[in-house]
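What's counted below: heavy atoms across the whole structure, side chains too, no hydrogens, waters or symmetry copies. Keep in mind that this is a model prediction, so the values were computed, not measured. Every chain is numbered from 1, with letters handed out A, B, ... down the list of sequences.
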There are 2 protein chains.
Amino acid sequence: MALEHAILVSLLEKPGSGYELARRFERSIGYFWTATHQQIYRVLKRMENDGWVAARDVPQQGRPDKREYSVADLGRAALSSWLHEPIEPESVRHDLAVKIRGAAFDDPAALVTEVRRHRAAHEERLARYLAGEVRDFTGTDARAAGVSEAERELQHAVLRGGIAYERMMIAWLDDVLGTLARFGPDS
Amino acid sequence: MALEHAILVSLLEKPGSGYELARRFERSIGYFWTATHQQIYRVLKRMENDGWVAARDVPQQGRPDKREYSVADLGRAALSSWLHEPIEPESVRHDLAVKIRGAAFDDPAALVTEVRRHRAAHEERLARYLAGEVRDFTGTDARAAGVSEAERELQHAVLRGGIAYERMMIAWLDDVLGTLARFGPDS
DNA sequence: CTTTCCATGTAACCGGTTACATGATTAT
DNA sequence: ATAATCATGTAACCGGTTACATGGAAAG
């Protein structure tokens with residue numbers, strides 16, 4: 001389990017409210033971890049009880065107050081010890097692969113639309129990542145205020161992972177489409 | 001949720017017991033879906049109650065009896081309808097990416113061992129997949145008895161996906177190692 | 001004689017998802 | 001008026017993981 005740790009990393013990069021964290025999990029953090037706001041609020045509360053994070057009420061004008069969280073010493077220590085313990089390389093879960101193998105017992109041609117939909121979704125994500133790369137990681141100083149070089153470079157490395165993943169998926173889905181095409185008229 | 005459907009596909013490819021299914025989920029099906037035997041037995045029972053699969057007791061010599069399951073009409077229909085409904089492209093979950101971004105707030109050099117471990121694990125998987133590809137998908141007729149061409153080709157396409165994934169991961173982890181190396185002496 | 005393989009389960013727990021709820025402000 | 005954004009939650013459910021349990025056969 002790493003949601004706690006993902007939250008710690010995000011709060012170390014920049015303190016924020018549960019709502020803001022939820023937004024980040026739709027964006028930058030989203031390409032390696034997802035979480036809904038319900039989950040985040042629940043975990044955040046537990047982390048506060050455990051002394052991993054500290055909250056501060058921030059009044060705002062024209063908007064509801066927010067509780068801004070930042071990482072406490074105990075949280076930093078928890079993250080550090082997690083970073084030092086080995087984790088098992090997780091295995092993937094691909095619904096689509098189940099469908100592809102299942103198509104052999106149904107109509108292979110019917111899957112083409114579905115595979116194309118997925119391909120489009122990955123293409124879209126790739127475009128988003130590439131745009132983010134240009135925005136955040138070009139120009140030596142642009143928006144580099146208060147961010148260490150290590151932080152910046154490691155974030156970039158993770159983003160490159162997301163980009164590589166999307167490119168691989170697109171290429172593979174093209175491969176699959178080619179295979180499906182050979183069973184178009186009939187099997 | 002697709003475990004039911006993964007089981008249906010596997011049983012369509014070849015009927016088998018819960019135990020045998022669990023083994024398959026460690027092998028061929030394992031590169032796109034994982035499941036433990038506990039989970040499989042539970043789901044299998046539910047599927048039998050729902051009439052998706054039918055069981056047949058098979059006595060064996062020198063071994064405990066087994067319950068061999070095969071797909072019933074209702075199961076085939078359930079699979080077909082699932083194949084025809086669109087599913088959302090799922091997003092990945094990478095503990096390792098959390099660690100990499102977290103390393104900026106700890107010791108980046110300490111992550112090198114961990115990343116190398118993961119790299120080795122992916123290298124090993126890649127070797128297994130490639131060996132499986134040679135074993136099962138070379139030679140026009142080898143072990144192709146009773147397996148349709150569509151079935152064979154689609155299985156191969158899924159395997160190529162696993163291979164592409166492992167290759168991408170290895171390349172990316174090399175990228176990460178290079179990035180980490182630049183923060184070796186100190187950040 | 002101890003480990004591994006075959007074979008099937010129960011029980012507890014917990015993280016993640018979905019549905020529901022509230023309430024103010026800003027934009028169309 | 002209506003929808004969208006900001007902001008924070010509760011409650012129910014359920015799939016997946018971990019631990020525990022049994023019991024015979026074959027292999028080292």
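Using bins of under 30°, 30° to 60° and over 60° for the plane-to-plane angle, the ring pair A:H94/A:Y165 lands in the parallel bin.
Atom pair B:Y19:OH and D:dG24:P shows a separation of 17 Å (rounding to whole Å applied). Atom NE2 in A:H37 sits about 13 Å away from atom P in D:dA7, given to the nearest Å. Rounding to whole angstrom units, CD of residue A:E88 and C1' of D:dG16 are separated by 17 Å. If you take CZ of A:R63 and P of D:dA4, they are 18 Å apart, rounded to a whole angstrom. In this structure, A:R46 places its CZ atom 15 Å from P of D:dG9, rounding to the nearest Å. Rounded to an integer number of Å, the gap from B:L21 CG to C:dC6 C1' is 14 Å. The separation between A:L44 atom CG and D:dT8 atom P is 9 Å, rounded to whole Å. Atom NZ in B:K45 sits about 13 Å away from atom C1' in C:dA7, given to the nearest Å.
Neither OP1 nor OP2 of D:dT5 sits under 4.0 Å from any side-chain N or O of A:R23. Contact check, A:S17 against D:dT8: a side-chain N or O comes under 4.0 Å of OP1 or OP2. OP1 or OP2 of D:dT17 has at least one side-chain nitrogen or oxygen of B:Q39 nearer than 4.0 Å. Distances shown here put every side-chain N or O of B:Y41 at or beyond 4.0 Å from the OP1 or OP2 atom of C:dG9.
Taking 4.0 Å as the cut-off between side-chain N and carboxylate O, B:K45 and B:E48 do not count as a salt-bridged pair. Salt bridge B:R24/B:E13: absent, no basic N to carboxylate O contact under 4.0 Å. Ion pairing between B:R23 and B:E26 holds under the 4.0 Å rule for side-chain N and carboxylate O.
Along DNA chain C, the nucleotide nearest to B:E68 and the one nearest to A:Q61 differ in position, and the one closer to the 5' end is contacted by B:E68. Annotation: of the two residues near DNA chain D, A:R42 and A:R67, the 5′-most nearest-nucleotide partner is A:R67. Closest-nucleotide positions on DNA chain C for A:G62 and A:A2 were compared, and the one nearer the 5' end corresponds to A:A2.
The side chain of B:W33 approaches D:dG16 more closely than any other nucleotide in the set C:dG16, C:dA7, D:dG16. Of the candidates C:dT8, C:dG9, D:dG16, the closest approach to any side-chain atom of B:Q38 belongs to C:dG9.
Around CD of B:E90, the count of heavy atoms belonging to other residues, nucleotides or ligands within 6.0 Å exceeds 12.
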